[in-house]
Amino acid sequence: MSQGQPHRRRPDQSEVQEPIKYRDVFNVSGELADSDRPVMPRDAATAQAAENLVLGENPRGGPAAVMQSAATYNERFGPVGHLDATKVAREESVTVTETINPDGNRVVTEKVAGQVVAQYVEPPVPMASPGGSLDRDAITIGEALEASALTAGNKPIEQSDAAAIQAAEMRATGPNEIAPGGVAAVAQYAASVNPRDVNKTKLGDVLEDATEKLPADKPVTREDAKAVIGAEIRNSPNMATTPGGVVESLAAAAGLNQNGG
């Protein structure tokens, strides 16, 4: 006996909820902020396609992910069909562009109907030179973390810093969980209490002896730096990295390692 696709029960009219609109999830104005512009499933699909075309992925917490969540809610609880679209998908489009600013940073800008809804600023991570390889004198993740304690040691730890440190520790040690009492655990605790603590814990307090606190360590690779960049940006309110912080230290170390120092 063949098994058909399950049918999703459409809500009764009494169960229909107010749909999520663009103005609810993005800082937009004009026609896009009008009350009759809910986020539609085809709009979200357009955003996903635009991100994939330029970035090769849909960043976690990025505009496409936000639109998909909103569209799923609207389809489930509102009078919205799976193939419904607004002018965003039909005419105005979603665009994703990459540029390099004067500092050499990669700038990714995402627009919906011509309005900027997100912008990511990432420091450059040098590509490996032909035949380049890591040697025994390569800079380790722990050493790169200690370097950031020198360059940005006075910065109070925020959630974005804690996320970057956690990603770095996981790249160094392998397990998908943080070690109790390790640099990531201490950083996460600091990020949770700093907003209400007068004596804020700073990067230097946690990372100055990172190599001793890490249960394992390894040379920094370009892939490690990219993972840490993504973690910090996803947890940053302004979607940018800390100048001189964890990301820049790992990116610089990855470049030196790949190019033989």
Side-chain angles (χ1 to χ4, degrees), residues 56-57 59-61 105-106 120-129 132-194 200-236 239-261:
E57 62 177 345
R60 183 179 175 184
N105 296 323
R106 173 177 176 252
Y120 316 84
V121 181
E122 301 179 0
V125 180
M127 296 290 291
S129 59
S133 61
L134 301 178
D135 59 37
R136 68 183 64 187
D137 296 322
I139 302 168
T140 68
I141 289 176
E143 290 169 339
L145 291 176
E146 290 181 351
S148 66
L150 297 176
T151 55
N154 290 324
K155 180 188 183 296
I157 293 179
E158 301 175 7
Q159 185 57 47
S160 58
D161 302 309
I165 294 168
Q166 178 177 336
E169 180 175 302
M170 289 171 60
R171 297 292 299 193
T173 61
N176 290 322
E177 58 184 41
I178 59 178
V183 289
V186 175
Q188 184 57 60
Y189 176 76
S192 65
V193 301
N194 271 353
K200 301 184 186 302
T201 302
K202 301 178 175 62
L203 282 174
D205 300 329
V206 176
L207 299 179
E208 62 180 357
D209 53 356
T211 53
E212 297 177 11
K213 294 178 181 176
L214 288 175
D217 206 355
K218 65 181 281 291
V220 183
T221 66
R222 183 172 182 268
E223 288 70 30
D224 297 328
K226 287 183 67 176
V228 176
I229 287 172
E232 181 165 337
I233 287 177
R234 286 193 299 270
N235 289 274
S236 172
M239 297 189 127
T241 58
T242 298
V246 171
V247 161
E248 289 192 6
S249 292
L250 265 77
L256 289 171
N257 286 348
Q258 296 285 11
N259 292 303

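All figures in this text were calculated on a predicted structure; none of them were measured in a lab.
Nearest heavy-atom pair, A227 versus A167, reported as atom, atom and distance to 0.1 Å: O-CB, 4.2 Å. Closest approach of A187 and A162 over heavy atoms only: O-CB, 3.7 Å. Between R171 and K218, the shortest heavy-atom contact is O-CD, 3.0 Å. Nearest heavy-atom pair, A144 versus I139, reported as atom, atom and distance to 0.1 Å: N-CG2, 4.1 Å. Taking all atoms of both residues into account, the shortest heavy-atom contact from N194 to P156 is ND2-C, 4.1 Å. Summarising the geometry of A225 relative to A254, their closest heavy-atom pair is CB-CB, 4.2 Å, with the distance given to 0.1 Å.
Here the side chains of L250 and L145 are in contact, with some heavy-atom distance below 4.5 Å. Between L214 and E169, some side-chain heavy-atom pair lies under the 4.5 Å cut-off.
A distance-only check finds no donor-acceptor pair linking the side chain of S160 to the backbone of S236 [under 3.5 Å]. Under the 3.5 Å distance criterion, the side-chain polar atoms of K202 are left unmatched by any main-chain donor or acceptor of G153. Although no hydrogens or angles enter the test, the distance criterion places no donor-acceptor pair under 3.5 Å between the side chain of N257 and the main chain of A138. The backbone N or O of Q159 sits nowhere less than 3.5 Å from a side-chain atom of N235 that would complete a donor-acceptor pair. No donor-acceptor pair closer than 3.5 Å links the side chain of Q166 to the backbone N or O of A184.
I141 contributes atom CD1, which lies 6.5 Å from atom CG of D217 (distance to the nearest 0.5 angstrom). Atoms CD and OG1, on E143 and T211 in that order, are 7.0 Å from each other to the nearest 0.5 Å. Separation of atoms CZ (R222) and CD1 (I229) is listed at 8.5 Å; rounding is to 0.5 Å. In this structure, CD in E232 is found 5.5 Å from CG in D161, a value given to the nearest 0.5 Å. How far CZ of R234 is from OH of Y120: 10.0 Å, rounded to the nearest 0.5 Å. Atoms NZ and CD, from K213 and E146 in turn, are 9.5 Å apart once rounded to the nearest 0.5 Å.
Each of V246, V228, V186 was evaluated against I165; a single residue qualifies, V246, per the side-chain contact (heavy atoms from CB on, under 4.5 Å) test.
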